[in-house]
Amino acid sequence: MNSYINSVLSDLNAKYGHEKEYIQSVTEVLGSLDKLIESEPKYKKFKILERIVIPERVIMFKVPWIDDKGEIQINIGYRVQFNSAIGPYKGGLRFHPSVNLGILKFLGFEQIFKNSLTTLPLGGAKGGSDFDPKGKSAREVMGFCQNFMRELYRHIGAHVDVPAGDIGVGSREIGYLFGQYKSIVNSYDSVLTGKGINWGGSKIRPEATGYGCVYFASEMLKTRKIDLVGKRVLISGAGNVAQYAAQKAIQLGATVLSLSDSNGSIIDHDGITLEKLEMIKELKNVRRGRIEEYASMVPNVEFHRDCRPWQLIPCDIALPCATQNELDLADAEALVKNGCIAVCEGANMPTTLDATAFFQKNGILFAPGKASNAGGVATSGLEMSQNAIRLNWHSAEVDSRLQSIMVNIHDAARKAAAEFGEPDNYVMGANIAGFRKVADAMIDLGI
Ligand code: NDP
Ligand code: 2IT
């Protein structure tokens, strides 16, 4: 590896080695910029790597709230405003007990390059809390969201920072957050995306990440003259991204065999149909149940407790759509052995670094999340545009913009990878294409 990159990485490791996911994401990005850094001395001259790996601002705050028993509970809230060189900070909020500063720094860092790839003017950020929405009543979730926004409101704004959803934050939570923002500030600002359709949301935003991931997979397959018809697809997760990745894959003729949650995976040997998917949406989004229950609702379905889908049954395409590091080297070896041809990340950094390297070594089409899951934030950008012009576009219009953005991202990643001699290396291509625009803007804006 280039000595400049090496020294930045080793300094970062010395200071933040305990923030494992953050170090992993920085290693992945910087590790693929070798050839660019060699060919463009300006990035070293302006110390862009040292500057881009450190967030512009980190906000941490206490969130006290009262549970249904009347007891006081305390969680930690965060917003990592990572980079605003090309636009206002933009990125989701995650509510999950595993949330800590290192995880949000990894997600905020990824978001910089993802947002740059969308072609829209969006900086990178991420936030959230270690609050666990699982098992909480709607009143408790509302109370938590209101107290979270009681502090966050002063740090965000339509031209400052525009949060959205992520794990544990869907339209219900965005509603409570927006209601509280509006009541404090007394202004209908476009300050959150993923809003409900009746109060400023965009058509296709709920579908966008999952649909976009499948559009990206189709583009990758096209480079080998393959389509999705009849392909066996394994999907992990059963939340927003997984549900709509499944929906689009089924619509395009693929057979979706699995979904999962943190308790385990279901394998549907007959394939999940659009009708069965509606049952899953009711189970997960309305009743907030466990994916295990699907096995008792539908024949020819197995539930595998505490297992991820990757080693359970052969597939052609894998779409990891749950969480970080949920596909490791042993999973990658099994997928390749079983004939998998493409892996397209719906989640953020679901594949470990050694598993990614294994896929690449074995000629698997591999799409990194910052490219293949960018449809969500891109459609958030379209929601901001609609709010700014006070219009709502039809579904077909938003979907067609989403599709062309995904095709653009695919082509930009391939083009950048080809420029440096590795046309099939989507990791390298996405990182270079995303990085260049932000780094050049940082140079233009001075220090
Ligand atoms: P949801 O909360 O809707 O769903 C998350 C799913 O992943 C659930 O099935 C959940 O299971 C499972 N999951 C979460 N954490 C774990 C874990 N530690 N181990 C195993 N399973 C887990 O979130 P999303 O679908 O919105 O997000 C999924 C992924 O996609 C995340 O990586 C997110 O960062 C990424 N993403 C989301 C975007 C969006 O627009 N929503 C945009 C781009 C990326 P359980 O219910 O048991 O917790
Ligand atoms: O990881 C992501 O890109 C998201 N959670 C969506 C962010 C957004 O602002 O829509």
Side-chain angles (χ1 to χ4, degrees), residues 20-21 24-25 28 94 96-99 103 106-107 134 166-168 209-210 213-214 217 231-246 249 254-269 271-272 276-277 280 283-284 289-295 298 300-360 362 364-369 372-373:
K20 290 197 167 36
E21 294 85 0
Q24 182 183 340
S25 63
E28 191 241 77
R94 177 177 290 191
H96 193 271
S98 64
V99 163
I103 289 189
F106 124 61
L107 289 162
K134 232 174 269 167
D166 192 81
I167 291 178
T209 311
C213 178
V214 174
K231 298 295 175 300
R232 298 160 304 168
V233 178
L234 290 181
I235 298 180
S236 63
N240 172 268
V241 180
Q243 289 171 17
Y244 288 104
T255 303
V256 174
L257 296 171
S258 75
L259 288 172
S260 69
D261 62 22
S262 50
N263 295 122
S265 302
I266 56 101
I267 299 291
D268 185 336
H269 291 279
I272 298 169
K276 293 190 218 173
L277 192 58
I280 291 168
L283 168 66
K284 296 301 290 185
R290 312 304 303 157
I291 200 65
E292 177 176 8
E293 294 170 47
Y294 179 74
V298 172
N300 218 7
V301 176
E302 291 157 14
F303 176 68
H304 297 261
R305 187 167 304 283
D306 295 329
C307 285
R308 305 182 291 219
W310 321 123
Q311 303 193 32
L312 296 176
I313 189 172
C315 72
D316 304 299
I317 294 159
L319 305 178
C321 296
T323 193
Q324 63 274 2
N325 292 326
E326 51 153 330
L327 196 166
D328 63 17
L329 183 58
D331 297 322
E333 286 168 351
L335 283 166
V336 171
K337 184 161 153 261
N338 286 335
C340 177
I341 51 174
V343 178
C344 195
E345 294 186 333
N348 284 307
M349 205 172 73
T351 312
T352 59
L353 291 175
D354 51 0
T356 301
F358 186 81
F359 286 136
Q360 292 181 318
N362 284 277
I364 304 298
L365 290 166
F366 177 81
S372 47
N373 72 33

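Basis for what follows: all heavy atoms, side chains included, without hydrogens, waters or symmetry-related copies.
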Worksheet item: So, does Gln243 use its side chain to make a donor-acceptor pair with the main chain of Ala238 at under 3.5 Å?
Response: yes
Fill in: From CG (Asp306) to OG (Ser260), nearest 0.5 Å
11.5 Å
Discussion item. Show, in sequence, the C-alpha distance, side-chain angles and deciding distance for Ile291 and Ile280, and conclude whether the side-chain contact (heavy atoms from CB on, under 4.5 Å) test is met.
Written reply: CA-CA 8 Å; Ile291 200 65; Ile280 291 168; 4.1 Å; yes
Worksheet item: Hey, is the main chain of Gly289 close enough, under 3.5 Å, to the side chain of Lys284 for a donor-acceptor pair?
Response: yes
Worksheet item: Run the side-chain contact (heavy atoms from CB on, under 4.5 Å) check on Asn373 and Val241 step by step: do they pass?
Response: CA-CA 9 Å; Asn373 72 33; Val241 180; 5.7 Å; no
Worksheet item: Judged by atom type as modelled, is there a donor-acceptor pair below 3.5 Å linking the side chain of Arg308 to the main-chain atoms of Glu326?
Response: yes
Discussion item. Within the structure provided, determine whether Tyr244 and Thr209 are in side-chain contact (heavy-atom separation under 4.5 Å).
Written reply: no
Worksheet item: Nearest heavy-atom pair of Leu312 and Ser265: which atoms, and what distance?
Response: CD1-CB, 3.9 Å
Fill in: Evaluation steps, side-chain contact (heavy atoms from CB on, under 4.5 Å), between Phe359 and Leu327
CA-CA 11 Å; Phe359 286 136; Leu327 196 166; 3.8 Å; yes
Practice prompt. Verify, without hydrogens or angle tests, whether Asp261 (side chain) and Arg290 (backbone) share a donor-acceptor contact under 3.5 angstrom.
Written response: no
Worksheet entry | Test log, rule side-chain contact (heavy atoms from CB on, under 4.5 Å), inputs Val99 and Ile167 | CA-CA 10 Å; Val99 163; Ile167 291 178; over 6 Å; no
Discussion item. So if I apply the side chain to side chain donor-acceptor pair (under 3.5 Å) rule between Arg232 and each of Asp316, Thr255, Asn338, which one comes out positive?
Written reply: Asp316
Discussion item. Between Arg94 and Asp166, does any side-chain N to carboxylate O distance fall below 4.0 Å?
Written reply: yes
Fill in: Pair Asp331-Gln311, side-chain donor/acceptor within less than 3.5 Å
yes
Fill in: Donor-acceptor contact below 3.5 Å, side chain Ser258 vs main chain Ile266
no
Discussion item. Which heavy atom of Ala322 sits nearest to which heavy atom of Ala347, and what is that distance?
Written reply: N-CB, 3.7 Å
Discussion item. Which residue in the set Leu319, Val256, Leu259, Ile313 passes side chain to side chain contact (heavy atoms under 4.5 Å, CB included) when paired with Leu234?
Written reply: Ile313
Fill in: Interatomic spacing from CD1 in Ile364 to SG in Cys344 - rounded to 0.5 Å
13.0 Å
Practice prompt. For the pair Asp268 (side chain) and Val301 (backbone), establish whether a donor and an acceptor sit closer than 3.5 Å, ignoring hydrogens and angles.
Written response: no
Worksheet item: Would you say Gln24 and Phe106 make side-chain contact, with heavy atoms under 4.5 Å?
Response: no
Response to the item:
When every non-hydrogen atom of Lys134 is compared with those of Ser262, the smallest separation belongs to NZ-OG, 3.3 Å
Worksheet item: Does some side-chain heavy atom of Ser236 sit less than 4.5 Å from a side-chain heavy atom of Trp310?
Response: yes
Worksheet item: When rounded to the nearest 0.5 angstrom, what is the spacing between CD in Gln360 and CG in Leu365?
Response: 11.0 Å
Worksheet entry | Shortest non-hydrogen contact between Asn263 and Phe303, atoms and distance | O-CZ, 3.6 Å
Discussion item. Check whether Glu345 reaches the backbone of Thr351 with its side chain - one donor and one acceptor, N or O, closer than 3.5 Å.
Written reply: yes
Discussion item. Determine whether a donor-acceptor pair (N or O, by modelled atom type, separation under 3.5 Å) exists between the side chain of Asp328 and the backbone of Ala330.
Written reply: yes
Discussion item. Which heavy atom of Lys276 sits nearest to which heavy atom of Tyr294, and what is that distance?
Written reply: CD-OH, 3.0 Å
Worksheet item: Between Ala318 and Pro320, what is the shortest heavy-atom contact and its length?
Response: O-CD, 3.5 Å
